[in-house]
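Scroll down for the structure; my scribbles are underneath it.
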Amino acid sequence: MTDPKDTINIENVVASTGIGQELDLQSVAMDLEGADYDPEQFPGLVYRTQNPKSAALIFRSGKIVCTGAKSTDDVHESLRIVFDKLRELQIQVNEDPEIVVQNIVTSADLGRNLNLNAIAIGLGLENIEYEPEQFPGLVYRLDEPEVVALLFGSGKLVITGGKKPKDAEHAVDKIVSRLEDLGLLE
Amino acid sequence: RLRKWQERIRTKDAGERNLQFALSEIDRMASALGVPRSVREVASVIYRRALKEDLIRGRSIEGVATSALYAACRKEGIPRSLEEISEVSRVERKEIGRTYRYISQELGLEMRPVDPKKYVPRFCSELELSEEVQTKANEIIEKTAEEGLLSGKSPTGYAAAAIYAASLLCNEKKTQREVADVAQVTEVTIRNRYQEQIEAMGIHG
DNA sequence: GCTTTAAAAAGTAAGTT
DNA sequence: AACTTACTTTTGAAAGC
């Protein structure tokens, strides 16, 4: 009887921000320990934080992308570390740069096995993508909230594309009620 | 004005040549796969629809032609795996798969998941297995799929395991390697699916 | 479209031991 | 046969080709 909502776990948060200053990535790469910079391969410099674990992509424009954090708090903490590292290199960083969460990846468990073939027909072939020859998950796109769900035979699922933690809860609620209406849950 | 005319003719010719090329490619691949003419016709219709809906922009003609053929085989109930299709195409498997998903969505083909049973006759024939084995394999697939065991599993691996199990039950044993080769899956996959299937069927070990 | 980052789900594959 | 590693899918931003 566990509420599937209680099984929701944030696995990854992607956010963007900017220090409001242009950067010379070549020199940052020289001074910042652990920095990976290969402009031929990718225009951004990669810097990884350990606690919390995340990866920051730092660009010439001063814009930064942070990914890999397990919560929005961790995103802020990771970026605080990145900002301080840049300040140590005598780089001007805005007081409190605005941090925008762009995507939250969540996992959850419906608690029972799913017959994906029946679900594919039930939800409507025009509303889903299910190609087990290519990937074991059934892809289900929701309009409200605007997220994408990957449903698996084990009953576990992944919700991605949301911007707020609440999006995943709403998505799980909708999926559960939809499957119950179709008589495909339990 | 004369320029425009020439351009129109040139474009028309180019488009005509491209269509001709796509259709001849579908024909060539279909022959190599040994599928009936009806499948080539369905594939041609799908390709023309994709062309009409402007789905080829940004994609290769070969990729769309191959995907149309893949979709046509499935629609006609004689599926070929992406692995098999890619062997007769210049396009790599991954690209065929993603192009297929794209045209399938855009054209609203509403393709149903491939039924593993559709692979049984061809695979069994290649293995020279009897009608009895085919019937048994179909039984295994039918019964275990009903229990939800098929969810997320590749149809070829599922069919291969059922055929392997059926060959044992009918005393016409084929090795996992032999079945794996015709189905183009690994022995590991056959073993994993086989174990689940015989357990679900309540057969011994 | 591609390139890079991280993360989960589960299936499949390949290389070692 | 077990283990390990790696690739398939989805999502989002960044800058440049």
Side-chain angles (χ1 to χ4, degrees), chain A residues 7-18 22-23 25 36-49 52-71 74-75 78 99-110 113-114 116 129-142 146-163 167-168, chain B residues 57-60 81-83 93-95 97-98 101-102 150-158 160 176 180 183-193 195-196:
Chain A
T7 69
I8 292 178
N9 194 22
I10 294 178
E11 306 289 353
N12 184 25
V13 178
V14 182
S16 60
T17 186
E22 290 234 336
L23 290 168
L25 294 184
D36 284 342
Y37 182 48
D38 183 358
E40 303 278 277
Q41 192 172 65
F42 188 68
L45 179 154
V46 181
Y47 181 72
R48 295 176 170 80
T49 63
K53 193 180 163 201
S54 77
L57 306 178
I58 305 172
F59 298 88
R60 183 187 47 76
S61 64
K63 292 189 175 178
I64 300 173
V65 169
C66 179
T67 183
K70 293 275 183 200
S71 69
D74 280 358
V75 166
S78 290
I99 295 172
V100 181
V101 173
Q102 304 284 359
N103 179 29
I104 296 179
V105 183
T106 296
S107 66
D109 191 349
L110 298 181
N113 291 337
L114 303 176
L116 297 183
E129 264 189 73
Y130 177 47
E131 291 294 332
E133 187 183 349
Q134 301 185 55
F135 185 68
L138 182 153
V139 183
Y140 184 40
R141 288 162 205 280
L142 310 202
E146 197 177 322
V147 299
V148 174
L150 306 178
L151 306 179
F152 296 88
S154 64
K156 296 205 173 138
L157 63 151
V158 170
I159 308 280
T160 185
K163 301 216 182 285
D167 289 342
Chain B
R57 196 171 284 180
R59 257 159 283 270
S60 72
S81 67
L82 287 171
E83 200 61 52
R93 197 199 118 119
K94 185 178 169 183
E95 179 62 20
R98 66 165 58 158
R101 275 180 289 150
Y102 177 69
L150 177 58
S151 289
K153 271 76 165 208
S154 106
T156 48
Y158 207 87
Q176 293 180 0
Q184 296 196 282
V185 297
T186 62
E187 294 166 271
V188 178
T189 294
I190 291 187
R191 277 195 290 276
N192 291 336
R193 297 304 136 250
Q195 286 300 335
E196 295 173 353

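Letters A, B, ... mirror the listed sequences (proteins, then strands); counts begin at 1.
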Mind calculating the distance between [atom1] ([X]) and [atom2] ([N]) to the nearest angstrom?
X      : N      : atom1 : atom2 : result
B/R93  : D/dT8  : CZ    : C1'   : 8 Å
A/L157 : C/dA10 : CG    : C1'   : 13 Å
A/L25  : D/dG16 : CG    : P     : 10 Å
B/E95  : D/dT8  : CD    : C1'   : 14 Å
A/L45  : C/dT5  : CG    : C1'   : 12 Å
A/F59  : D/dA15 : CZ    : P     : 7 Å
A/I99  : D/dA14 : CD1   : C1'   : 15 Å
A/L142 : D/dT11 : CG    : P     : 12 Å

Looking at residues at least two apart in the chain, or sitting in another chain, which of them share a salt bridge (Lys or Arg N to Asp or Glu O under 4.0 Å) with [X]?
X      : value
B/E95  : none
A/K163 : none
B/E187 : B/R177
A/D36  : A/R48

Between [N] and [X], is there an OP1 or OP2 to side-chain N/O distance shorter than 4.0 Å?
X      : N      : value
A/S107 : C/dA9  : no
B/R98  : D/dT10 : no
B/R57  : C/dG1  : no
A/K70  : C/dA7  : no

Checklist entry - Under the ring pair (Phe, Tyr, Trp, His ring centres under 6.0 Å) test, which residues partner A/F135, sequence neighbours left out? => result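 Only A/F152 meet the ring pair (Phe, Tyr, Trp, His ring centres under 6.0 Å) criterion with A/F135.
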
Checklist entry - A/Y37: what forms a ring pair (Phe, Tyr, Trp, His ring centres under 6.0 Å) with it, not counting sequence neighbours? => result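 Checked A/Y37 against ring pair (Phe, Tyr, Trp, His ring centres under 6.0 Å); zero matches.
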
Next on the checklist: At under 4.0 Å between heavy atoms, how does the protein contact nucleotides 11-17 of chain C? Give one character per nucleotide, 5' to 3', with B, S or -.
Outcome noted: SSSS---

Measuring from the side chain of [X] (C-beta onward, heavy atoms only), which nucleotide among [options] has the closest atom?
X      : options               : answer
A/R48  : C/dA7, D/dA15, C/dT5  : C/dT5
A/V148 : C/dA9, D/dT11, D/dA14 : D/dT11
A/F42  : C/dT3, D/dT11, D/dT9  : C/dT3
A/V65  : D/dT11, D/dA13, C/dT4 : D/dA13

Side chain [X], main chain [Y], donor-acceptor under 3.5 Å:
X      : Y      : value
A/T49  : A/S54  : yes
A/T67  : A/V14  : no
B/T189 : B/V185 : no
A/D74  : A/A69  : no

Could you measure between the two [atom1] atoms, the one in [N] and the one in [M], and give it in whole Å?
N     : M     : atom1 : answer
C/dA7 : D/dC3 : P     : 24 Å
D/dA2 : C/dA8 : C1'   : 25 Å
C/dA9 : D/dA1 : P     : 26 Å

Checklist entry - Looking at residues at least two apart in the chain, or sitting in another chain, which of them share a side-chain contact (heavy atoms from CB on, under 4.5 Å) with A/K156? => result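 Testing A/K156 for side-chain contact (heavy atoms from CB on, under 4.5 Å), a comparison that skips the adjacent residues, returns A/D109, A/S154.
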
Next on the checklist: Taking side-chain contact (heavy atoms from CB on, under 4.5 Å) as the definition, give me every residue that meets it alongside A/E22, ordered by chain and number, with sequence neighbours left out.
Outcome noted: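 A/R60.
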
Checklist entry - Below 3.5 Å, does any donor atom in the side chain of A/T160 face an acceptor in the base of D/dT11, or the other way round? => result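 Yes.
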
Checklist outcome for this item: DNA chain C in dot-bracket form (Watson-Crick or G-U pairs under 3.5 Å, [ ] crossing, | inter-strand) is |||||.||.||||||||

Next on the checklist: If the condition is side-chain hydrogen bond (donor to acceptor under 3.5 Å, both in side chains), which residues does B/T156 pass it with, not counting sequence neighbours?
Outcome noted: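 Testing B/T156 for side-chain hydrogen bond (donor to acceptor under 3.5 Å, both in side chains), a comparison that skips the adjacent residues, returns B/S154.
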
Checklist entry - With a 4.0 Å cut-off on heavy atoms, is A/S61 in touch with a base, just the backbone sugar-phosphate, or nothing at all? => result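 Here A/S61 touches the backbone only, sparing every base.
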
Checklist entry - Heavy atoms under 4.0 Å, any strand shown: does B/R101 hit a base, just sugar-phosphate, or nothing? => result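 Since only primed, P, OP1 and OP2 atoms lie under 4.0 Å of B/R101, the category is sugar-phosphate.
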
Next on the checklist: With nearest nucleotide decided by heavy atoms, which residue, A/N103 or A/G62, maps closer to the 5′ end of DNA chain D?
Outcome noted: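 Counting from the 5' end, the first nearest nucleotide belongs to A/N103.
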
Item to check | Residue whose nearest DNA chain C nucleotide is more 5′ - A/G153 or B/R59 | outcome: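 First, find each residue's nearest nucleotide; the 5'-ward one identifies B/R59.
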
Measure all distances between protein nitrogen or oxygen atoms and nitrogen or oxygen atoms of nucleotides 1-3 of chain D, and list the pairs falling under 3.5 Å.
residue	atom	partner	partner atom	Å
D/dA1	OP1	B/R191	NE	2.9

